[in-house]
Amino acid sequence: MDGCDSTAAQSFVTRFMADVGGGMVAALCALGVRLGLFRALADAGPSRSTELAARTGLDERYVREWLHGLAAAAYLRTDATGEVFSLPPENAAVLAHEESPFFMGGAARLVPALGSMLGPVATAFRTGDGIAPERYPGELFHTMWQMSGSWLGTLLLPQWVPAVEGLAERLAAGAPVAHIGSGGGRALVLLAGAYPRSRFTGYDELPLNVEHARQEAVGAGVADRVEFVHGRATDLLPGKGDHALVLALDVLHDAPDPAQALTAVRAALADDGVLLLLESNGADAPAGNRGPAAALLYGASVLYSLPTARAAGAAEPAGMLGLTEARLRALCAGAGLSRVRRLPAPTPLNALYEIRP
């Protein structure tokens, strides 16, 4: 082809095949997380396919091919025979142990779950319409529960609450707490277990999330002080100015109007209250978002964030990387939230903020 440098083209072929192979590795990892293969291998140590299949109750032939695939990707190690497989401890911390602060296994499950929506998203490209969250597979939301549950369990109570001056004391004394886009409910369930005098309300527009969150509260024995409400938080959040804490964890960029959402939060917060906000970690200009993490976030934005925000009425959705720190600070200032402090985030993909009036 005219203008094509064959050497550069061959180099890009190599890169492209590596990326496509990475997609297949993500699919294999999604299976491993879903079926408990990584955990079983980590717990047992070096194993043959027959042993791992027997331990997990799975078909040996499928297990063997899965093992060879991840050994090819250097996710697993083998002995000299190539028939005994092991999961290095560092890899196990990322793929097998949900209680690990490094656990990212749930992210692999996003790939097939979001990939199943390519048809509807292609239609949305042509029409400009949105896609309601209810149209997405349940597997996607189970994945979100797993991902958020792992880092909330290791960070929310031990690190995030103590990092906000005076918050633990306010919650211990008893105060209203709200969670915008409460998802699977884990955050409020954890807080309710630790601070029984406070009262907690989660708002979510997806019935599947609300149902799961209510079950979480019952299972944890905190349903007497945690309520999960189906609906949009900006319409339902009480504007009484008495909340000690409002949570918005990885959801503000999906709001049809982030400025309106922040204004509603300010109306709900007490003058000494705090908004704990988790957002995607993006550069102030799109040109600064490069590399695998940014590609992952842009992909999730195309396949989920933009379509669901359009379905909620957003003409110009923010996208997963659209609420940069600079833009967020400007939106907060406009909503009467003048103090913004950045805190350590759970992963390099995220930015965590303590925001006050």
Side-chain angles (χ1 to χ4, degrees), residues 15 19 22-23 26 104 106-111 113-115 117-118 120-122 124-125 128-131 133 136 140-141 143-144 147-148 151-152 155 160 180-181 183 205-206 233-234 247-262 265 275-335 337 340-355:
R15 159 69 192 279
D19 288 342
M104 290 285 288
R109 298 176 66 180
L110 290 175
V111 175
L114 289 173
M117 295 297 291
L118 287 177
V121 171
F125 264 70
D129 294 336
I131 303 173
Y136 284 77
L140 175 63
F141 302 103
T143 299
M144 291 179 178
M147 291 174 64
S148 63
W151 47 258
L152 283 170
L155 297 174
W160 293 0
I180 296 174
E205 297 182 59
L206 185 69
T234 50
L247 299 170
L249 305 179
D250 208 23
V251 296
L252 186 62
H253 56 257
D254 292 332
D257 188 342
Q260 181 187 36
L262 289 169
V265 169
L275 165 64
L276 196 60
L277 177 71
L278 186 73
E279 265 302 325
S280 300
N281 185 23
D284 284 337
N289 296 321
R290 294 293 184 265
L296 171 63
L297 291 171
Y298 276 124
S301 191
V302 168
L303 294 171
Y304 180 81
S305 184
L306 265 60
T308 55
R310 273 280 171 88
E316 181 61 32
M320 290 194 72
L321 287 163
L323 290 184
T324 64
E325 183 169 349
R327 184 180 179 193
L328 181 62
R329 287 180 179 274
L331 289 172
C332 286
L337 297 164
V340 179
R341 182 170 76 101
R342 193 155 176 172
L343 301 173
T347 76
L349 302 177
N350 302 116
L352 180 66
Y353 303 93
E354 171 195 343
I355 301 173

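Being a predicted model, the structure only gives us computed values, none of them experimental. Any value given below was found using the heavy atoms of this structure, including those in side chains, with hydrogens, waters and symmetry copies removed.
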Is the count of non-hydrogen atoms from other residues, nucleotides or ligands lying under 6.0 Å from R342 atom CZ greater than 12?
yes
Say whether, by atom type as modelled, one donor and one acceptor occur between the side chain of D250 and the main chain of L278 under 3.5 angstrom.
no
Using every non-hydrogen atom in the two residues, find where T143 and R109 come nearest and quote the distance to one decimal.
OG1-CB, 3.3 Å
Determine, step by step, whether D257 and T234 satisfy the side-chain contact (heavy atoms from CB on, under 4.5 Å) criterion, reporting the C-alpha distance in whole Å, the side-chain angles of both residues, the deciding distance to 0.1 Å, and the verdict.
CA-CA 10 Å; D257 188 342; T234 50; over 6 Å; no
Looking only at heavy atoms, what is the nearest atom pair of L303 and Y136, with distance?
O-OH, 2.6 Å
Distance (rounded to the nearest 0.5 Å) between W151 CH2 and M104 CE
11.5 Å
With distance as the sole test, does R310 use its side chain to make a donor-acceptor pair with the main-chain N or O of P317 at under 3.5 Å?
no
Below 4.5 Å, heavy atoms only, C-beta onward: do S280 and L323 meet side chain to side chain?
no
Are any non-hydrogen side-chain atoms of L277 and V340 less than 4.5 angstrom apart?
no
Here the pair of heavy atoms bringing P120 nearest to M117 is CD-O, 3.2 Å
To check you understand the geometry: which heavy-atom pair defines the closest contact between A26 and A108, and what is its length?
O-CB, 3.5 Å
V121 side chain near L306 side chain, heavy-atom distance below 4.5 Å:
no
Spatial distance of atom CD (E279) from atom CG (L349) [nearest 0.5 Å]:
12.5 Å
Shortest non-hydrogen contact from L343 toward L276:
CD1-CD1, 4.0 Å
Can you tell me how far the CG atom of L321 sits from the CG atom of D284, to the nearest 0.5 Å?
11.5 Å
Does a side-chain heavy-atom distance below 4.5 Å link L252 with L331?
no
Can you check whether P133 reaches Y304 side chain to side chain, under 4.5 Å on heavy atoms?
yes
Kindly indicate whether the side chain of L275, heavy atoms from C-beta on, has any atom under 4.5 Å from the side chain of Y353.
no
Quick one, M147 and L110 - any side-chain contact, counting heavy atoms below 4.5 Å?
yes
Which heavy atom in P307 sits nearest to a heavy atom in S301, and how many Å separate them?
CD-O, 3.7 Å
Pairwise distance CZ(F141) to CG(L206) - rounded to 0.5 angstrom
5.0 Å
